[in-house]
Structures are given as structure tokens and as C-alpha cells.
Colleague: 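Dropping the structure in here first, questions after.
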Amino acid sequence: MITTTACAVLLESSSRAGSPTERYAGTDVVVAGQPFVPRAGELRAALDRLASVERSVPELSFPTTAVDASGEPVEAPWDGPFLGHSWESAALGPFVLRQGRAPAGDSEVVLDAELAGRLGVGAGDTVRLGGPDGLRPYQVSGVADPPRRPARQYAVFHTAREAERLAGSEQPVRAFGVLAAKGTADTETLRRQVEKAVTDLYGDNAGSLVVASGAGRADAEFWGVPSPASVLSSLVGTFGVLSLFVAGFVVSGTLTLAVAGRLTEIGLLRAVAATKGQIRRMIAVEVLLVTVAAALLGAPGGIGVAMLLHRVLVDGEVLPPSFVLSVGPVAPWATVVLTAVVAQFAAFAAARRSSRVRPVEVLRESAAPAPKPGRVRVLLGVGVFAGAGGCLGAVATGRLDGGGGTTESMVLVLLVGTALLAPLICRVAGALFLAPVAWSLPREGTLAVRNLLRNEARLAATVTPLVLALSLTGTLLCVPLITSQGAQRAERERLLADHVVSSAGPGIAPGYAERAARLPGVAAASGQLSVDGELSRADADQDDDASVIGGNLVAMRADAVPELLDLGVHTGSLARLGETSVALGDSAARDLGVTVGDRVRVDWDDGGRDTYRVAAVYSRDRDFADALLPRASAARHAPAPLDDTVLVRTAPGADRDAVERQLDDLAADFPGASVDGAASGDAGSHSESGAAANLFVLLLLTMINVFTVIAVVNTLSLVTAGRRGEFALLRLAGAQSAQVLRMLAWEAVLTCAIALLLATLVCAAVLVPLSIAVTGSAVPALAGGPLVTLAAGAPLVAVATTTLVGRLAMRSAAATPGGLARAVS
């Protein structure tokens with residue numbers, strides 16, 4: 001309950017932590033494009049004609065970067081944007097000059113106060129900013145700030161002419177800020193009027209624009225920029241569900257053992273006319289009371305853990321200090337209700353068999369081993385394994401993508417199947433792996449094997465939570481390693497380039513690739529520009545959604561592609577690429593039903609449309625692109641014409657090291673650019689949202705494993721303490737206390753061995769198909785350190801628990817005269 005409550009509190013805090021309006025705080029209504037505002041001049045005229053509008057101000061913005069005195073690029077805080085603007089849009093803040101004046105020439109800029117403080121500059125100083133051709137010095141003419149200082153972004157203001165040049169787009173206007181005329185008190189009425197004007201102008205295409213007022217202005221301002229709260233909410237939601245899943249497993253196993261130990265009591269109640277329903281209700285009420293008691297400790301404990309996680313994430317600069325932890329009644333109460341529901345399901349499963357036992361069979365049932373699992377349970381378990389096997393087979397053969405959480409979800413499915421068939425699986429595992437080694441063990445070990453083989457239900461109750469923790473941890477840690485390894489392999493196969501220039505910022509200005517192509521010893525160079533749009537057949541009906549795919553589109557210089565990439569072309573040729581042709585990946589060509597010579601249409605996000613002829617179809621489209629487009633036409637529709645990476649190939653006979661040195665020198669003029677070896681597998685630094693994911697996954701995995709350790713200790717303690725009669729019988733038969741403890745230690749070690757074996761099989765069932773699909777190898781990459789630590793720690797905890805509880809049980813049984821005999825009886 002502690003983990004689930006912590007996740008719920010963080011989730012509630014994320015839902016309440018809205019992004020305040022910063023740069024648009026001085027507007028009444030915002031009309032924002034996604035990402036452009038098409039026909040911006042016509043829209044401005046339509047807005048200015050409204051009687052309730054004083055004026056509309058265009059927002060022209062583009063990514064930029066500043067470097068500090070040491071030449072290092074300055075990043076905006078908390079993964080926010082670093083944007084350049086036209087000084088005209090400063091009125092949207094409204095940004096007010098704190099010192100200096102507005103920019104009077106194209107070589108002058110105004111900085112926001114936070115950025116000026118970060119750079120240590122003021123009016124009259126010089127700052128270097130990145131542009132299409134690299135770094136350029138600008139004189140700071142002034143420093144400005146709005147009433148609410150920006151906390152998630154940096155802003156630089158240029159003259160209108162320089163801003164339009166730096167934007168490098170045919171449609172540079174991203175939004176319009178609408179200022180209400182005097183006497184217009186109702187902002188909502190103004191918003192509806194603006195919305196009608198937009199609909200009248202664009203008709204059916206009005207959906208590409210957002211008309212927002214109030215808190216909605218922040219969504220328009222930070223469109224496409226994930227906030228720390230949104231990243232955190234997706235993580236805590238996932239782990240909250242996962243913690244409930246873990247709790248259900250552990251509670252179910254513990255309750256099954258506890259109820260099985262009370263068969264005599266339950267049989268006596270049935271003998272005095274208690275009905276099955278009354279027995280089930282008794283157990284349900286008992287579990288409910290335990291849940292309430294757990295809530296009294298778990299809810300405050302979960303709030304404390306949430307506070308601790310919040311502090312760790314803030315101190316690690318993953319969350320901003322402004323992120324407030326909201327502790328209200330909703331999260332704790334919701335957690336208590338969900339936990340109670342999960343516990344009641346577990347109680348029903350545990351009480352179902354015991355309530356159906358006939359009173360005359362009680363003594364025999366309590367003394368005999370547990371019967372075989374029911375037919376329905378077995379069929380359910382087999383069905384779960386069959387379904388998971390089909391999905392994993394589809395992943396291995398490439399018919400199903402293993403990403404997007406598919407692989408991780410398969411682990412949960414396999415764990416459900418393992419829980420359903422746990423007694424049978426443990427019986428088979430014991431027969432196959434314990435029985436053959438029994439002869440090689442000492443007497444205590446042989447006795448331990450016989451104990452485990454005779455009571456697979458007890459073995460299953462201990463093995464299941466261990467398999468759960470080991471499988472979850474192994475999968476969640478290894479899947480990112482495998483996907484990264486697959487991406488590196490795909491890149492090695494695809495690249496002919498000798499050098500990959502990556503970016504630690506928003507991207508690399510197009511001037512880098514242009515200048516790199518002119519360097520001595522360079523045979524070819526081109527940037528890779530990601531653009532957004534939809535692919536469809538050129539002859540398809542516009543309303544035919546089946547023939548439209550949202551493609552991952554990459555644009556490059558057409559003449560440089562054959563020199564830089566080996567895409568596994570099997571139809572057509574990359575040499576035929578030109579300004580009016582396109583290359584398609586296998587999956588895109590198959591989905592669209594086109595081949596070489598056919599024509600495809602690209603509907604750009606800015607409302608534009610282009611038609612291309614298919615020049616080639618290639619097979620190496622994994623982790624790359626569905627379509628490869630000519631850069632000249634695609635860049636006009638890009639939100640920002642910044643390359644993700646730049647590929648460079650050394651000319652035959654040229655000195656590769658000399659070319660690399662020239663590229664390094666060139667990178668000094670382009671903030672964030674760094675030269676890597678080909679197929680480095682690292683296309684940039686990790687973002688703060690990625691850091692949030694990694695840190696949160698590690699923290700929550702640690703908590704889940706700690707919770708599992710506690711559950712295993714409780715289960716082992718319950719099982720061991722309930723064997724006082726067995727220990728007393730062994731002592732009366734002449735066994736020494738040390739021999740009994742060694743038997744318990746062997747049981748713990750062998751139980752952990754079975755758990756490790758089953759966890760290995762579960763992880764292999766998931767990781768091997770994924771590895772085959774993405775790397776071509778059946779040997780997956782493993783997170784060796786954490787897995788070895790878990791594998792070594794599990795036997796230590798189990799041995800320590802069983803020996804300690806076993807010692808206490810034997811000591812209490814022999815504490816009084818005749819105690820051993822009474823324990824046996």
C-alpha cells in the first residue's frame with residue numbers, strides 16, 4: 001500500500017501541476033497553429049476587423065541557442081523551449097524593458113532577465129547566438145521581463161526582419177495574441193468571436209488551429225513541449241498499477257497459506273452448521289479489517305515516501321522547485337479502496353476451496369497435501385501461456401512490434417500464468433531439477449528436497465513473489481539495453497558515412513551540413529531533418545482513411561543519400577532520388593500499396609501538400625524512417641529547419657582523422673553539435689524527461705523489490721513457524737538443532753534456486769524474442785550488476801529468515817518440560 005499511495009499522491013500532484021502562462025500572459029485570447037498559422041496575413045486582417053479586438057499581435061518564433069563565456073551552449077530549464085522572437089511579439093507578455101532599449105538593428109537583441117543573468121550580460125554587452133549559418137555575435141540592446149518571469153523557457157527578441165530570416169520558414173508565424181478592446185470585459189465572449197472568425201476563414205481546416213483563453217493559453221504556448229508533470233504522471237500511473245499487481249500476487253499467496261493452515265477451524269465451523277457463504281464472508285471481513293489496519297500505516301507511509309521521492313527528484317533537477325506536492329484526501333482514499341478491492345479478490349480466491357471442504361474430510365484435508373489445482377485454473381493458466389507465446393512469437397518474427405510497452409506487458413501476462421499454474425510448475429521443476437541432485441547433497445539437503453517435493457503448495461507460495469520481483473526487474477532493466485543495442489546494429493548496417501554529427505540541443509543549423517560538404521577530403525555530407533506529415537496514395541480519395549498513414553518522415557539532400565546510406569534497396573534505386581521523388585520503407589510501401597513509379601502524396605502539418613514519385617523501396621526502415629524525402633521541398637514545411645544529425649563521408653584516399661578535426665573545428669560555431677564515430681548509437685544527450693524516467697524507474701524498482709523482500713520474509717516466517725510439530729518430531733527422533741537448521745537452510749537455498757530458474761525462463765521468454773527481432777541475436781543484452789545482486793541476495797535473505805524463525809520455533813517448543821512431545825501431539 002505504501003508504494004501505491006506514493007504513486008497516487010505523485011499522480012494527483014502531476015494532474016494539479018498545470019503550466020502557468022508565461023510568454024502569453026498579457027493576451028486575452030491566443031490563436032495558435034500546430035505548428036504554423038497558415039494564411040497568417042488573412043487571419044490577422046480578420047481578427048483586427050472584430051469590434052472587440054484592439055489588435056492582434058503575430059508571434060514569430062524559432063529555436064535558438066546562446067553560448068556562455070566558456071563557449072558551452074545554454075539549455076532552457078526543465079526541458080523547456082529556448083526561442084527567438086520578433087520584438088513585436090514582446091507585447092504578448094507583456095515584456096517590459098528593465099534596462100536599455102528595443103533592438104534598432106539586425107545585429108541587436110533584447111534578452112529576458114533570466115537569460116541575461118545566466119549569461120552574466122547586460123545592455124551594451126555582446127552575446128553569441130546560433131543561427132542558420134552558425135554562431136553570430138549580437139549586441140544586447142536591452143533586458144526585458146514580463147510581470148510573471150518565465151520559469152520554463154528563455155526568450156531572445158530580434159528585429160522583425162532578422163527574426164524572419166532566422167526562422168527560415170515560408171510560414172514563420174506560430175500564433176496570434178489577441179488583445180481585447182477597452183470595455184470588453186467578457187473574455188469568453190471574445191474567445192467565441194475569435195473562434196467564429198477562424199472557422200469562417202479556414203472552414204474545415206480550422207481544426208489545425210487552437211483558440212484558447214485563460215489557462216488554455218499555456219497549452220498553446222507550450223504546444224509540443226512535454227512538461228515535467230506530464231512525464232512524471234505517465235510514470236507514476238504505470239508504476240501505481242504495477243504495484244497493485246505485485247500486491248495482488250503477494251497477498252494472494254500469503255492468504256492462501258494462512259487459510260490453508262486454518263482448515264481444521266473452518267471444518268469445525270462447517271460441522272456446527274456454518275454455510276459456505278458464512279465462511280467466505282468471515283474471511284472477507286477478516287481481510288477487510290487487516291486492510292483497514294494496513295491503511296492506518298500504509299497511507300501515511302505512502303505520503304512520506306511521496307515526499308521523499310519528490311525531494312529526490314527536485315534535488316536531482318528532474319522536477320523544478322516550483323512543482324508542488326499536493327497531498328489531499330483523494331489519493332490516499334483511492335489507494336485504500338483499490339487495495340481493499342484487490343485484497344477481497346485475493347481473499348475470495350483463498351477462501352473458495354476451504355469453504356467447499358466437507359466437515360467429515362477436514363482432518364484428512366488438513367493433514368494431507370493440497371490437492372491438484374482445479375481444471376478451470378489449469379485451463380486458464382494454459383490459455384494465458386498460449387496467448388503470451390503467440391504474441392512473443394509474433395515479436396520474434398517481426399509481425400508485432402515489441403516496443404510501446406508490448407514486451408513489458410508480456411512479462412505480466414506470463415507472471416499471471418505462472419501464478420495460476422505455480423503448484424504444477426513447482427512440482428515439475430522439483431522433479432526435474434531437485435530430485436536428480438538429491439543424491440549428491442548431504443543428509444540435511446536430501447531431507448530438504450523431500451520436504452519440498454511433498455509440499456509444492458508451500459514451495460509455490462514462496463517461489464511466486466521471488467519470480468515476480470526477479471522477472472520484473474530483469475525485464476525492465478534489460479529491455480532498454482536490447483532496444484539500444486538493436487538501434488546501434490541497425491545504424492551500423494545502414495550507415496556508409498564515416499562521421500555522425502549529433503546535437504545536444506534542439507538541432508543542428510543547416511549551415512553545418514552545407515559547410516561540411518565543402519571541406520577538403522569530404523565526399524558527401526547531408527543533414528537528416530525530421531518532418532511531420534501524412535503519407536497517402538496520390539490517386540486515393542481524400543476521405544479514404546485506410547490509405548493514409550502517419551509516417552516518420554526524414555529529409556536529406558537527394559544527391560548525397562547514395563553516398564551516405566545503405567538502406568537495403570530491393571526495388572528501384574537511391575540514385576533516382578530527386579526534388580520530386582521519394583524512397584519508401586517496406587512497411588510504408590506495403591501499407592499504401594505502392595511500388596516504384598507510383599505517386600504518393602504528403603499532407604504536411606502546416607496545411608501544405610506535395611506529390612512525389614516513388615524512386616526506391618528499401619528494407620532497412622527499422623529505427624529510421626518510413627519515407628526519405630528531398631530536403632529542399634520538405635524543409636519548407638518543417639517547424640524548425642534544424643537537422644537531427646549530420647552524416648559525413650570521407651573521400652577515397654583522404655585522411656579520415658584530418659576530416660574529423662575539421663568537423664570538430666566547424667562544430668565550435670554550432671552550439672550543441674558534437675562529432676561522433678559512425679554508428680555511435682548516441683544521437684544526443686539524455687533529456688531531463690529521460691532522466692526522470694530512468695531515476696523514477698530505479699526508485700520504484702527498488703521499492704518493489706524491498707516490498708517483495710518483506711513479503712518473502714513474512715511468507716517464510718509464516719511457513720516455518722507453522723512447522724513446530726515437524727521440528728519437534730525430528731528432535732524426538734534424535735536430530736540435533738543444528739541439523740534441523742541446516743535442513744531449513746538447504747530448503748531456502750533450493751527454493752531460491754527454483755525461483756531463479758523460473759525467473760530466468762520468464763525473462764528469456766520475453767527478452768529472447770525481442771532480441772531476435774531487434775538485434776538478430778538470440779543472446780540478449782543483460783544488466784549484469786543488478787541481476788547478480790538480486791540473485792545473490794535472495795538466498796541470503798531466505799536462509800537468514802528460515803534459520804532465525806526455525807531457531808525460535810524450536811526454542812519455544814522445548815522451553816517447558818514435555819514441550820517437544822506436546823508440540824508433536
Side-chain angles (χ1 to χ4, degrees), residues 1-18 229-230 232-259 277-310 324-352 355 405 408-409 412-413 415-416 419-420 464-465 468-469 472 696 699-701 703-708 710-711 714-715:
M1 184 177 290
I2 291 177
T3 305
T4 309
T5 302
C7 290
V9 170
L10 289 172
L11 183 62
E12 182 181 2
S13 301
S14 299
S15 65
R16 296 186 179 187
S230 65
L232 185 63
S233 63
S234 63
L235 288 171
V236 297
T238 301
F239 272 93
V241 174
L242 191 60
S243 63
L244 278 176
F245 181 85
V246 173
F249 262 73
V250 175
V251 170
S252 178
T254 304
L255 282 177
T256 300
L257 279 178
V259 173
Q278 288 174 322
I279 298 297
R280 293 174 183 174
R281 285 194 295 273
M282 177 190 71
I283 295 175
V285 171
E286 289 177 356
V287 171
L288 181 61
L289 294 175
V290 172
T291 303
V292 172
L296 296 177
L297 296 175
I303 294 173
V305 170
M307 292 179 177
L308 177 62
L309 288 174
H310 173 262
V324 179
L325 189 69
S326 301
V327 181
V330 176
W333 275 110
T335 303
V336 171
V337 171
L338 287 174
T339 304
V341 171
V342 171
Q344 288 301 310
F345 274 111
F348 175 79
R352 184 171 177 270
S355 64
E408 292 87 340
S409 62
L412 302 183
V413 174
L415 289 174
V416 170
L420 289 171
T464 301
L468 173 69
L472 279 179
F696 202 80
L699 289 173
L700 266 297
L701 276 178
M703 292 177 61
I704 286 176
N705 279 285
V706 169
F707 174 72
T708 305
I710 295 173
N714 287 338
T715 302

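When a residue number appears, it is its place in the shown sequence, counting from 1. Below, each value reflects all heavy atoms present in this structure, side chains not excepted, and no hydrogens, waters or symmetry copies.
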Colleague: Quick check: closest heavy atoms across V287 and A347, and the distance to 0.1 Å?
Modeller: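 The pair with the smallest heavy-atom distance is CG2-CB, 3.6 Å.
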Colleague: Determine whether L468 and T464 satisfy the following criterion, side chain to side chain contact (heavy atoms under 4.5 Å, CB included), listing intermediate values before the conclusion.
Modeller: CA-CA 6 Å; L468 173 69; T464 301; 5.6 Å; no
Colleague: Can you tell which of V9, L10, L325 makes a side chain to side chain contact (heavy atoms under 4.5 Å, CB included) with M307?
Modeller: L325
Colleague: Do the side chains of L309 and V305 get nearer than 4.5 Å, heavy atoms only?
Modeller: yes
Colleague: Which heavy atom of T5 sits nearest to which heavy atom of A299, and what is that distance?
Modeller: CG2-O, 3.6 Å
Colleague: With a 3.5 Å distance limit and no angle check, can you tell me whether S13 reaches the backbone of S326 through a side-chain donor-acceptor pair?
Modeller: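 Answer holds: yes.
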Colleague: Say you draw a straight line from CG of L308 to CD1 of I303; how long is it, rounded to the nearest 0.5 Å?
Modeller: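 Taking CG in L308 and CD1 in I303, the distance rounds to 14.0 Å.
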Colleague: If we only count heavy atoms from C-beta on, is the L412 to L472 side-chain gap below 4.5 Å?
Modeller: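 A side-chain contact exists here, since the closest heavy-atom pair is under 4.5 Å.
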Colleague: With no hydrogens and no angle check, is any side-chain donor or acceptor of Q344 less than 3.5 Å from a backbone partner on A284?
Modeller: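 Side chain of Q344 to backbone of A284, a donor-acceptor pair under 3.5 Å: yes, one is there.
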Colleague: Enter the distance from T291:OG1 to L296:CG here, rounded to the nearest 0.5 Å.
Modeller: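 Here the interatomic distance stands at 11.0 Å.
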